[in-house]
Amino acid sequence: MKVWIIFLLCLAGKALAAPQQEPFEEEFELIEDQGAIAEEETVVDEVIEETPVGSNPVQVETGEFDEAIEVVEEVPAENPCLNHHCKKGKVCELDDSNNPICVCQDPSTCPASSEEFEHVCGTDNKTYDSSCHFFATKCTLEGTKKGHKLHLDYIGPCKYIAPCLDNELNEFPLRMRDWLKNVLVTLYERDEDNNLLTEKQKLRVKKIYENEKRLQAGDHTLELLAHDFEKNYNMYIFPVHWQFGQLDQHPIDGYLSHTELAPLRAPLIPMEHCTTRFFTQCDADNDKYIALDEWASCFGIKEQDVDKDLVI
Ligand SMILES: [Ca+2]
Ligand SMILES: [Ca+2]
């Protein structure tokens, strides 16, 4: 969770803190039914364990979010359940023929959690003690309309989220863009041997980093952020593209699904009440996916500057 706390502090205009290496906890679910996609990603989780996660909290490995993964590995083991992975909310049990099967986890077997930051809020506006409790509960509703509609909405206990007004909606990308730029600069500054950025990315960030006109990280007014975007527009093009590339991973297809967006969206909602509205309106053609041009446009990037080569 640390990474997200830092992330949110940054959004609040605080100075950027040190990059973190912890992979994001498994907080989310596969919101859309993407069984086919998930199957292609079966190895992702294990790879992630060994790969240093970039310091950008948004650079979350979305493989962690794929609840629909059920894999039987062909490694012989005494207990067939040892290598049988069940999606979140399910646990492995042996059937009468000693074959491993995934069954719904009893929520009462989830580790007790009294810490507020471990609570999650469901789209049913109910607070669950932890994501384990949430997914176990959702599993018991599988096949029902209620279960289909139930998703993890955001991290933390449910609370009143004020409606996002039009003028507030316009403020959201101002902070977000500035934050993205600062994250990249911080990655660049700290990226000695960590390879948090590729060589190509480093060259692009170097230009931003070395630009004397760059607005330094800090607590800036919205007026200043708006002015800087106008004046130093070119510095924001790459960070917006880069963030899209970080999220577009499962699969890498130039579109962000609800699931791919979840690592960014869910922790933000309790802090930034315009999050849901912002990402909803980003999907301009309302096809449930955010394409690169839709993404760029909602961050104020001009059509002629949208470049899929910048995403890589
Ligand atoms: Ca995608
Ligand atoms: Ca769309």
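All ligand and atom numbering here is 1-based and tracks the order in the structure.
- Using a 4.0 Å cut-off between charged side-chain N and carboxylate O, Asp305 and Lys302 make no salt bridge.
- The Ca ion (ligand 1) has an N, O or S atom of Pro251 closer than 3.0 Å.
- When the Ca ion (ligand 2) is compared with the N/O/S atoms of Asp287, atom OD1 turns out nearest.
- A salt bridge links Lys90 to Glu142: one of the charged nitrogens lies within less than 4.0 Å of a carboxylate oxygen.
- Looking only at its N/O/S atoms, Asp253 has OD1 as the one nearest to the Ca ion (ligand 1).
- Restricting Asp248 to its N/O/S atoms, the shortest distance to the Ca ion (ligand 1) is reached by OD1.
- Atom OD1 is the N/O/S atom of Asp283 found closest to the Ca ion (ligand 2).
- Geometry note: the Ca ion (ligand 2) is the vertex, Asp285 OD1 and Tyr289 O are the arms, and the angle is 150° (rounded to 10 degrees).
- Because the distance cut-off is set at 3.0 Å, Tyr255 qualifies as a neighbour of the Ca ion (ligand 1) through one of its N, O or S atoms.
- Between Phe229 and Tyr236, a ring centre-to-centre spacing shorter than 6.0 Å is recorded.
- The existence of a salt bridge linking Asp293 and Lys308 is excluded, since no basic side-chain nitrogen approaches an acidic carboxylate oxygen closer than 4.0 Å.
- Under the 3.5 Å distance criterion, the side-chain polar atoms of His220 are matched with a main-chain donor or acceptor of Gln216.
- Between Glu168 and Arg277 no salt bridge is recorded (no basic side-chain N to carboxylate O distance below 4.0 Å).
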